[in-house]
Protein chains: 2
Amino acid sequence: MTAHLQASEGSRAVKRTIEFIRHHRLQKGDRLPSERELSDRFGVTRSSVREALAVLDALRLTERRPKSGIFLRNALEDSGLDSLVIQANLDLPFDERTMRDVSEARVIFETHAIRLACARRTDADLNRLRELVANYSSRVQAELNVANEDVEFHLAMAAASQNAIIVRTLTPLFLMSFQWRQKYFSSSVIRRRSLADHQEFVIAIADRDDIQATALVRKHVHSAFDEVLALVEGNGQPESHNQRAGGDE
Amino acid sequence: MTAHLQASEGSRAVKRTIEFIRHHRLQKGDRLPSERELSDRFGVTRSSVREALAVLDALRLTERRPKSGIFLRNALEDSGLDSLVIQANLDLPFDERTMRDVSEARVIFETHAIRLACARRTDADLNRLRELVANYSSRVQAELNVANEDVEFHLAMAAASQNAIIVRTLTPLFLMSFQWRQKYFSSSVIRRRSLADHQEFVIAIADRDDIQATALVRKHVHSAFDEVLALVEGNGQPESHNQRAGGDE
DNA sequence: CTACCAATCTGGTAGGACCAGATTGGTGTA
DNA sequence: TACACCAATCTGGTCCTACCAGATTGGTAG
């Protein structure tokens with residue numbers, strides 16, 4: 001449901017193009033090879049390349065100038081958050097700096113989301129959170145992975161802030177870390193600890209206790225980040241790595 | 001440089017598809033017409049439709065299931081922030097609720113960005129901010145629009161937080177409001193007031209005075225939001241409006 | 001050295017073709 | 001009547017070819 005089981009040629013082209021940009025250290029304003037050359041280089045049709053470029057355009061990474069060429073609008077590091085989700089889905093690695101920034105941003109954003117949730121949450125929000133915790137709990141007892149359910153719960157908390165933009169901001173931060181999350185929750189101990197945290201979250205939000213709630217965020221996210229950082233350690237830098245980038249097939 | 005002067009068929013197809021989703025009130029899980037039907041309906045080639053769908057896929061709005069169909073992955077309101085930028089570029093309107101959420105989110109995010117900037121800003125950051133203010137000032141005196149320069153300055157402040165994710169989060173919030181910004185800064189009085197604010201920002205950041213800096217954010221953004229809301233007032237709700245949706249040309 | 005023009009290159013768009021799995025509706029059987 | 005099965009149809013995925021017209025460029029004439 002989350003991972004693209006069989007990557008389409010379009011997705012491949014996106015990945016290859018991003019790798020190309022990284023490999024050649026292209027900077028803002030630099031020009032990419034023409035569509036025809038990229039299609040040769042990647043071994044796919046120009047149609048597929050064009051689909052990929054449409055995506056990169058939407059992510060504000062490239063700019064296609066008619067009758068002229070394809071140019072880098074922003075450095076890879078300056079594109080939108082959604083591009084991080086895509087890079088994650090394509091198994092492109094992140095550097096530690098990015099992960100650290102994501103963690104910090106998540107604490108900040110989620111802290112405020114929770115604070116607002118404490119002030120504005122409706123009874124419906126509360127019921128939904130309780131449902132999610134119940135479901136989470138049953139999955140934990142069944143020794144199932146709860147990576148999806150964890151995201152669901154945290155987004156539901158964010159939704160209780162009644163601010164859709166905050167939810168839409170947190171979403172990519174969760175999605176881009178889905179793979180780490182998957183590994184993270186493979187531990188039964190961690191699943192149980194996480195469940196306990198979630199239960200505390202619900203209590204705090206029910207009591208509108210934003211002091212307790214925000215403290216929980218810090219604890220919850222930081223402990224998770226430490227674990228994840230240990231897991232991902234040694235996965236490789238963003239530069240010059242060829243992780244499963246062998247032949248065309 | 002910002003607005004696409006002549007929309008490509010691919011962009012048109014994106015716009016038409018979003019309008020289709022809105023018009024038919026499609027919800028998460030609903031199925032869209034086939035590519036071939038959309039291409040008929042929009043009067044463009046399937047290639048163009050496919051480019052558009054690739055974009056909508058990247059924005060996590062749709063999901064293409066091979067040999068089956070195109071389905072809505074999320075409601076329009078739940079897609080990523082980048083989709084808001086695209087909607088803004090396509091002249092698709094936002095409802096007041098969204099604008100209010102954006103304003104609130106911007107205050108929250110930017111407040112934290114400034115706080116971090118006060119703590120972490122380097123001398124280089126400070127120099128850059130001063131350069132930008134100088135440029136801003138000269139443009140104000142020349143009675144030029146400073147919509148671009150305003151975004152530049154605020155993003156530079158965010159960059160001084162040394163957290164790239166925060167910058168990448170604020171970017172779409174600025175970009176999606178570029179049109180309002182354009183109108184907003186058409187007033188000479190507002191340009192001067194904004195310049196004064198910016199100068200105060202630099203002083204606060206130079207002194208690492210996060211109390212003053214965060215207070216400035218609130219004042220700066222709120223006053224701007226009020227003005228903008230007045231400007232946009234009566235632009236129409238997100239439903240059933242046909243703002244310049246007449247003939248094909 | 002400069003001005004100018006034509007060959008070339010580039011993105012944009014159209015249209016057609018084939019593949020193979022998903023879907024569906026009708027048929028024949030129990 | 002109800003169910004199982006199969007073939008026609010539909011769908012997304014990919015490839016290929018062909019034009020168009022503006023941007024670019026390299027060589028040539030002045």
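Letters A, B, ... mirror the listed sequences (proteins, then strands); counts begin at 1.
- Annotation: salt bridge (Lys or Arg N to Asp or Glu O under 4.0 Å) contacts involving residues 128-142 of chain A, sequence neighbours excluded, comprise A:Arg139-A:Glu149.
- Ring planes of B:Phe174 and B:His154: tilted class, angle from 30 to 60°.
- Nucleic acid contact class of B:Leu53 (heavy atoms, under 4.0 Å, all strands): none.
- With sequence neighbours excluded, no residue forms a ring-ring contact (aromatic ring centres under 6.0 Å, His included) with A:Phe185.
- Here the C1' atom of nucleotide D:dC20 and the CD atom of B:Glu9 are 14 Å apart, to the nearest Å.
- Nucleic acid contact for B:Arg36: base, since at least one base atom lies under 4.0 Å from a heavy atom of the residue.
- As judged by a 4.0 angstrom heavy-atom cut-off over every strand, B:Ser34 is placed among residues touching the sugar-phosphate backbone only.
- B:Arg50 comes within 4.0 angstrom of a base, heavy atoms only.
- Residues that satisfy the ring-ring contact (aromatic ring centres under 6.0 Å, His included) test with B:Phe71, not counting sequence neighbours, are absent from this structure.
- Side-chain nitrogen and oxygen atoms of A:Ser48 include at least one within less than 4.0 Å of the OP1 or OP2 phosphate oxygen of D:dC15.
- With sequence neighbours left out, B:Arg50 forms a salt bridge (Lys or Arg N to Asp or Glu O under 4.0 Å) with A:Glu51, B:Glu35.
- Listed by first and then second residue, the salt bridge (Lys or Arg N to Asp or Glu O under 4.0 Å) pairs involving residues 159-179 of chain A amount to none (not counting sequence neighbours).
- Protein chain A contacts DNA chain C over a range whose 5' and 3' limits, counting nucleotides with an atom under 4.0 angstrom from a non-hydrogen atom, are C:dT10 to C:dT13.
- Separating the CZ atom of A:Phe42 from the P atom of D:dC15 is a distance of 13 Å, rounded to the nearest angstrom.
- Looking at heavy-atom distances under 4.0 Å, A:Thr45 makes contact with a base.
- Along DNA chain D, the nucleotide closest to B:Ser47 and the one closest to B:Ser68 are compared, and the more 5′ of them pairs with B:Ser68.
- Counting atom types as modelled, B:Arg46 pairs a side-chain N or O with a base atom of D:dT14 as donor and acceptor under 3.5 Å.
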